[in-house]
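Worksheet for the structure shown next.
Counting convention: from 1, in listed order, for ligands and their atoms alike. The basis for the numbers below is simple: all heavy atoms, side chains too, and nothing from hydrogens, waters or symmetry mates.
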Amino acid sequence: MNTIIAAVDSGITEEEPNQDLELASEILKKGGLVAFPTETVYGLGGDALNPDASRKIYSAKGRPSDNPLIVHIADETDLQKIAKDIPEAAYKLMDVFWPGPMTMIFHKKPIVPDSTTGGLDTVAVRMPSHNVAYELIRRSGVMIAAPSANTSGRPSPTMASHVREDMEGKIDMIIDGGDCRYGIESTIIDMTGEVPTILRPGYITREMLEDVIGTVEVDPAILGEAAHVRPKAPGMKYTHYAPKGIMYIVEGESSNSVIRCINRMVKERQMAGCKVGVLATRYNAMAYEADEVIVIGDKKDELMISSNLYRTLREFDARGVDYIYSESFAGSSLGTAIMNRLIKAAGHRVIQAPSV
Ligand code: TXA
Ligand code: MG
């Protein structure tokens, strides 16, 4: 299949005509697939109410069909068409965080095909704030089912070039709208239970949600403390986000202890003939003696770290490293979401550095 690639300015407004968005709309209405930028990661979009389109999405990604898709909307009235029993708290959250990087789960109406929800009787819904995503939904009049536009198991795409790596030749069109601002997927919050529950952490934190609606719970499966607990978001159970190299996260009391521990392990792997990478924060980077040291950002700038995370993991793949040692970013608010992705990328391999 020939994949059309088109660039659309991320500053596009409602009034501005755009031929590429028109073409993308036609493709979506006919049941085709269009990858597009959002403020979190690139999405692989198809008509959420067309079972054939959802099936094509699973096949292009190589994704297990029990893993449901998020439906992207541009208007609150669309929500009424696909969801029922919407609680008051959901309207409060929408007022504050939509459009934006928050997904809510509701009981679904029959109009939403089982192939979109992986057979569940609930549906995940989000209104993206990226102008290109928003305008694509609005102009096409199609509610767009969109998982991240990566091959299943690879890091999510945060640039159009990542989407091309994984999807060129498999889908109808890729819209290049530049780099994604947040770089990790939306916060998912389940609104179907008595107490709203976070199923996937993201830029919108528990504290931000609690400021608006009071108590919010967190699915205990999220940080992997409870490996035996089955996550409520089916997609969270897969390894996910994995780079090709085997990755370890190294935690420690101080930067010095982490640097020393990582350098020791790097040397051991190199002696065994392996190519080794280190994922480092800016001020520590000079201290590492690895084949490939990639700086993810300043430790204090969590937004920079989250927006660079997946790009960095893909870069290690491109440089062909066998092992990756990463610093840890545990910390406040956004740190929870970053560590959730990083721990999964590392297949839960976390090492404690001995103190120096
Ligand atoms: O930021 C995002 O949310 C991006 C962009 C493209 O919008 N999308 C995204 O989709 O991350 P995906 O398919 O890669 O991840 C969706 C997650 C999966 O873990 C899935 O299991 C969960 O949402 N999910 C979807 N519908 C659900 C439902 N009804 N109940 C529980 N979990 C659900
Ligand atoms: Mg994904």
Has Arg63 got any heavy atom lying under 4.0 angstrom from an atom of ligand 1?
yes
Please list, in number order, the atoms of ligand 1 under 4.0 Å from a heavy atom of Thr40.
1 (O), 2 (C), 4 (C), 5 (C)
One residue to check: Lys232. Relative to ligand 1, which of side chain, backbone, both or neither has a non-hydrogen atom less than 4.0 Å away?
backbone
Looking at Asn67, which atoms of ligand 1 are within less than 4.0 Å of one of its heavy atoms?
18 (C), 20 (C), 21 (O)
Is the closest basic N to carboxylate O distance between Arg319 and Glu292 below 4.0 Å?
yes
For ligand 1, which atoms sit closer than 4.0 Å to a heavy atom of Ile188?
17 (C), 22 (C), 23 (O)
Let me see the working for Arg138 and Glu14 under side chain to side chain contact (heavy atoms under 4.5 Å, CB included), right down to the final yes or no.
CA-CA 9 Å; Arg138 198 184 63 79; Glu14 278 194 25; 3.8 Å; yes
Ligand 1 versus Ser148, non-hydrogen atoms closer than 4.0 Å: side chain, backbone, both, neither?
both
Do side-chain atoms of Thr197 reach the backbone of Val195 as a donor and acceptor pair under 3.5 angstrom?
yes
Non-hydrogen side-chain atoms of Ile324 and Ile246 separated by less than 4.5 Å:
no
Quick check: Glu185 and ligand 1, any N/O pair under 3.5 Å apart?
no
Counting heavy atoms under 4.0 Å, the part of Leu120 that contacts ligand 1 is side chain
Close N or O approach (Thr38, ligand 1; < 3.5 Å)
no
Between Asp52 and Arg55, is the closest basic N to carboxylate O distance under 4.0 Å?
yes
Any luck finding a side-chain donor-acceptor pair between Arg154 and Asn150 under 3.5 Å?
no
Got a sec: is Ser148 within less than 2.8 Å of the Mg ion (ligand 2) via an N/O/S atom?
yes
Looking only at distances, can you tell me whether any N or O atom of Arg126, backbone or side chain, sits closer than 3.5 Å to an N or O atom of ligand 1?
yes
Measuring from atom 26 (N) of ligand 1, which candidate in Gly119, Pro68, Ser186, Gly43 has the nearest non-hydrogen atom?
Pro68
Nearest option to atom 31 (C) of ligand 1, as decided by whichever heavy atom of Ile105, Ile144, Thr117 sits closest
Ile105
Here the gap from Ser306 atom OG to Ile184 atom CD1, rounded to the nearest 0.5 Å, amounts to 4.5 Å
Going from CD on Glu185 to OG1 on Thr103, what distance comes out if it is rounded to the nearest 0.5 angstrom?
10.0 Å
Relative to the heavy atoms of Thr122, which atoms of ligand 1 are at a distance of less than 4.0 Å?
28 (C), 29 (N), 30 (N)
For Asp78, is there an ion pair with Lys81 - N to carboxylate O distance below 4.0 angstrom?
yes
